[in-house]
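Let me begin by handing over the structure; questions about it come next.
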Amino acid sequence: GLLLSSVSLGVSAQTAETPKQSPAPVTPNVIYILADDLGFSDIEIYGNQHISTPNINKLARNGMSFTQFYSGTSVSAPSRACLMTGQHTGHTKIRGNKEISPEGQEPLDPTVKTIAQLFKTAGYTTGAFGKWGLGYPGSVAEPNKMGFDKFYGYNCQRQAHSYYPAWLYNNATKETLDSKTYSQDLIHQQAMQFIRDNKDNPFFGYFAYTLPHASLEQPNDSILQMYDGKFCEPKAFVYSGDYTGTTKPRAQFAGMVTRLDTYVGQVIAELEKQGILDNTIIIFTSDNGPHTEGGGDPDFFNTEKRLRGNKRSLYEGGTRVPFIINWNGHVAPGTTNDHLSAFWDMMPTFNELLGQQANWTQATDGVSMLPTLTGQGTQTEHDYLYWEFHEEGGRQCVRKGPWVLIRQKISTTPTLELYNVEDDLAETTELSAKYPEKVQELVTIMDSAHVNSTIFNFGK
């Protein structure tokens, strides 16, 4: 690991001296790159020893990497809903993956504004490229109705399981494809065109690539060939359900992460070419922990074995994700930070960045991270973070200070597990019997953070 493996995660992290601050431009461009099912340890800067990610390394060298940043929850749609609305899963409408039709999912509540609408309020052009999954075609929550001027990609997250789809959406228009063209290349080309088209005016780009989500498949080019024969492949993955078979699942997964890294490098190069790199904030993160579908093998790639659990769990491995932010001249380069933060902090952070507080009264569960990013002002800390998950019997989780309480199997026989993740990051020692008062304190928070939902009720 280049940076973070030398840092004791969860304890105070090293910080370089903050550079002299130049006054912040009022309208920096923002590109939010969201990987899909990329685990905390799946990139070099967070300790991966198998996969090459030179461009993401460069982002980290020129920016700030967070050691305690969390996604919205441990699966796609609700995690993205938290990002879009600034609400955690106890409050936001979308709390699970719920299909309404073969072509789309449960829509966002149109009365709750999104970060895209916040940027629109500040005069930005907005674009979403990749996976939506927050409202089926024709619903109240198509991307173009939720603040995005331009959308290109998969409306439906189930369709996104195929990297060679029969169609993608261009705004609300379904464009037929030949099922032989790699979707991520098409989506990336549209994202790059969006940068070129808007180089002279402020823009917000949400680049939601589906890499490295299953299926594990991609063109057989130089990127994939980098990993050919590199790993012992324990067994082939046979076609199952939505997922294409592969004889080399580990090589495919590593290649998909490096392919994503290549796209990141091309985004940086395009911003540089257009002369707008210094006035663009680039954020890189993931929607949840790593997947085991399609031959995914997170235990193999989690070389330092620091975090327990994968996608769908509410252990740290399900929700703690990489978060790197690059803003030349404003965010101190080469720094790591242990500020406790999550997807629902993006709304207030962007709100403060854009100076829109007077125009934007929507309540949020987040706190602005801007003081941590710029080194200016006082950083408000979270009292607690909260997550829920609505499959496999239902789960809830609270993190407060070093303490994590997880409630499992809510719909049948609920159990409680308590961990101290500062002393025991891997969550090996369960402490509920030893600290009953702490359990009770966190149960009270858990119950108050959850507002009942008629749509999502822990599988009851």
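Note that this is a predicted model, so its numbers are computed, not measured. Scope of the values below: all heavy atoms of this structure, side chains included, with no hydrogens, waters or symmetry mates.
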Does the side chain of Q357 come under 3.5 Å of the side chain of E352 through a donor N or O and an acceptor N or O?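 Q357 vs E352: no donor-acceptor pair found between side chains.
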
Please check this pair: side chain of T428 against backbone of D424, looking for a donor-acceptor N/O pair closer than 3.5 Å.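 Checked: no pair found.
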
Look up atom OG in S286 and atom CZ in R320, then write down how far apart they are to the nearest 0.5 Å.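 Separation between the atoms: 14.5 Å.
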
Using only heavy-atom distances, determine whether the side chains of Q184 and Y263 contain a donor-acceptor pair under 3.5 Å.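 Result is no, nothing qualifies.
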
With sequence neighbours left out, which residue pairs that include part of residues 137-146 fulfil the side-chain hydrogen bond (donor to acceptor under 3.5 Å, both in side chains) condition?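 Every side-chain hydrogen bond (donor to acceptor under 3.5 Å, both in side chains) pair that includes a residue of residues 137-146, provided the two are not neighbours, is E142-K145, N144-N171.
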
Looking only at heavy atoms, what is the nearest atom pair of C82 and T92, with distance? SG-CG2, 4.3 Å

T349-D345 side chain donor-acceptor pair, cut-off 3.5 Å: no

In Å, rounded to the nearest 0.5 Å, how long is the span from CG of N420 to NZ of K438? 9.5 Å

Can you tell me how far apart OG (S215) and OH (Y243) are? Round to the nearest 0.5 Å.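 Going from OG on S215 over to OH on Y243, the span is 7.0 Å.
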
Step-by-step ring-ring contact (aromatic ring centres under 6.0 Å, His included) determination, W387 to Y70: CA-CA 10 Å; W387 301 266; Y70 291 88; 5.0 Å; yes

Would you tell me whether H161 and D242 have side-chain atoms, one donor and one acceptor, within less than 3.5 Å of each other?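 A donor-acceptor contact under 3.5 Å links the two side chains.
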
Stepwise side chain to side chain donor-acceptor pair (under 3.5 Å) test for S183 and Y154: CA-CA 9 Å; S183 65; Y154 297 95; 2.7 Å; yes

For the ring pair F203 and Y124, is the centre-to-centre distance below 6.0 Å?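 Between Y124 and F203, which both carry aromatic rings, the centre distance is not below 6.0 Å.
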
Is the distance between the ring centroids of Y435 and W403 less than 6.0 Å? yes

Would you say NZ of K434 has more than 12 non-hydrogen atoms from neighbouring residues, nucleotides or ligands within 6.0 angstrom?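 No - once you tally the heavy atoms of other residues, nucleotides and ligands closer than 6.0 Å, there are 12 at most.
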
Distance-only donor-acceptor check, side chains D365 and Y386, under 3.5 Å: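 No, no side-chain donor-acceptor contact under 3.5 Å.
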
Let me confirm one number: the CG-CZ distance from L307 to F40, rounded to the nearest 0.5 Å.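 It comes to 5.5 Å.
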
Is the shortest side-chain N to carboxylate O distance from K311 to D287 below 4.0 Å?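 Not counted as a salt bridge, because no side-chain N and carboxylate O are separated by less than 4.0 Å.
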
State, yes or no, whether a side-chain contact exists between W132 and L108 at a heavy-atom distance under 4.5 Å.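 They are in side-chain contact.
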
Step through it carefully: locate the ring centre of Y227, locate the ring centre of F253, and say whether they are under 6.0 Å apart.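 Between Y227 and F253, the centre distance exceeds or equals 6.0 Å.
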
Just by distance, no angles: are the side chains of H213 and E293 close enough, under 3.5 Å, to form a donor-acceptor pair? no

Is it true that D299 and N302 share a donor-acceptor pair across their side chains at a distance under 3.5 Å? no

If we ignore angles and hydrogens, is there a donor and acceptor under 3.5 Å between the side chains of R259 and Y209? no

Residues in side-chain contact (heavy atoms from CB on, under 4.5 Å) contact with S432, at least two apart in sequence or another chain: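 With neighbours one apart ignored, the set is L418, E430, V439.
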
Using 4.0 Å as the upper bound for N to carboxylate O, is an ion pair formed by K120 and D149?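 Yes.
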
By side-chain contact (heavy atoms from CB on, under 4.5 Å), which residues pair with K235, not counting sequence neighbours?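 side-chain contact (heavy atoms from CB on, under 4.5 Å) check on K235 returns nothing, list empty.
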
Minimum heavy-atom separation for A77 to G133, with atom names? CB-O, 3.7 Å

Less than 3.5 Å apart, any donor N or O on the side chain of N97 or Q157 sitting next to an acceptor on the other? yes

Does the side chain of I115 come within less than 4.5 Å of L83's, by heavy atoms?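 The answer is yes, as the side chains (C-beta and beyond) meet within the 4.5 Å cut-off.
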
Euclidean distance, M146 CE relative to T85 OG1, rounded to 0.5 Å: 9.0 Å

Heavy-atom closest contact (D42 atom, V257 atom, distance): O-CG1, 3.7 Å

Quick one: list whatever passes ring-ring contact (aromatic ring centres under 6.0 Å, His included) with Y152, sequence neighbours left out. none

Please determine whether a side-chain nitrogen of the Lys or Arg among K174 and E103 lies less than 4.0 Å from a carboxylate oxygen of the Asp or Glu. yes

Quick one: do R158 and E99 make a salt bridge, cutoff under 4.0 Å?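 Here R158 pairs with E99 in a salt bridge, since their nearest N and O are under 4.0 Å apart.
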
Between D36 and R80, is the closest basic N to carboxylate O distance under 4.0 Å? yes

Indicate whether the side chain of N457 and that of N452 have a donor and an acceptor atom separated by less than 3.5 Å.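 Side chains of N457 and N452: no pair found under 3.5 Å.
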
Can you tell me if K150 has over 12 outside heavy atoms packed within less than 6.0 Å of its NZ?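 Atom NZ in K150 is crowded, with more than 12 foreign heavy atoms closer than 6.0 Å.
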
State, yes or no, whether a side-chain contact exists between R407 and C397 at a heavy-atom distance under 4.5 Å.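 In short, these two side chains do not touch, never coming nearer than 4.5 Å.
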
Quick check, are the ring centers of F119 and F350 under 6.0 angstrom apart? yes

Should the ring pair Y315 and Y419 be called parallel, tilted or perpendicular, given that the plane angle runs from 0 to 90° and is split at 30 and 60?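 Perpendicular, since the angle between the ring planes exceeds 60°.
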
Over 60° means perpendicular and under 30° means parallel, so classify the ring planes of F231 and F300, tilted if in between. perpendicular

Are the charged groups of R95 and E106 less than 4.0 angstrom apart, N to O?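 No, this pair does not count.
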
Would you indicate whether the side-chain heavy atoms of F284 and Y32 approach each other to under 4.5 Å?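 Heavy-atom side-chain distance check fails, nothing below 4.5 Å.
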
Just to verify, what does F129 make a ring-ring contact (aromatic ring centres under 6.0 Å, His included) with, not counting sequence neighbours?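 By the ring-ring contact (aromatic ring centres under 6.0 Å, His included) rule, F129 matches F194, F207.
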
Just by distance, with hydrogens left out, do H450 and E388 show a side-chain donor and acceptor under 3.5 Å apart? yes

Could you list the residues that satisfy ring-ring contact (aromatic ring centres under 6.0 Å, His included) with W360, not counting sequence neighbours? none

Using 0.5 Å steps for rounding, measure from the OG1 atom of T258 to the NE2 atom of H50. 12.5 Å

Is the centre of the Y182 ring less than 6.0 Å from the centre of the Y164 ring?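 Yes, the ring of Y182 comes within the 6.0 Å limit of the ring of Y164, centre to centre.
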
May I ask you to test the I43-N48 pair for a side-chain heavy-atom distance under 4.5 Å?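 They are not in side-chain contact.
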
Chi angles and distances behind the ring-ring contact (aromatic ring centres under 6.0 Å, His included) call for H88, F343: CA-CA 8 Å; H88 63 52; F343 271 14; over 10 Å; no

Would you say E417 and Q408 are linked by a side-chain donor-acceptor pair, where the criterion is simply a distance under 3.5 Å?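 There is such a pair (donor and acceptor under 3.5 Å, judged by atom type) between the side chains of Q408 and E417.
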
Would you call the rings of F66 and F69 parallel, tilted or perpendicular if under 30° counts as parallel and over 60° as perpendicular? perpendicular

If only side-chain N and O atoms count, and only distance matters, is there a donor-acceptor pair under 3.5 Å linking E175 with N170?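 Present: a donor and an acceptor within the cut-off.
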
Does one side chain, of K131 or S76, offer a donor that lies under 3.5 Å from an acceptor on the other?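 Per modelled atom types, K131 and S76 side chains form a pair under 3.5 Å.
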
Would you check if L385 and W344 make a side-chain contact, meaning some heavy-atom pair closer than 4.5 Å?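 Answer yes - side chains close enough.
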
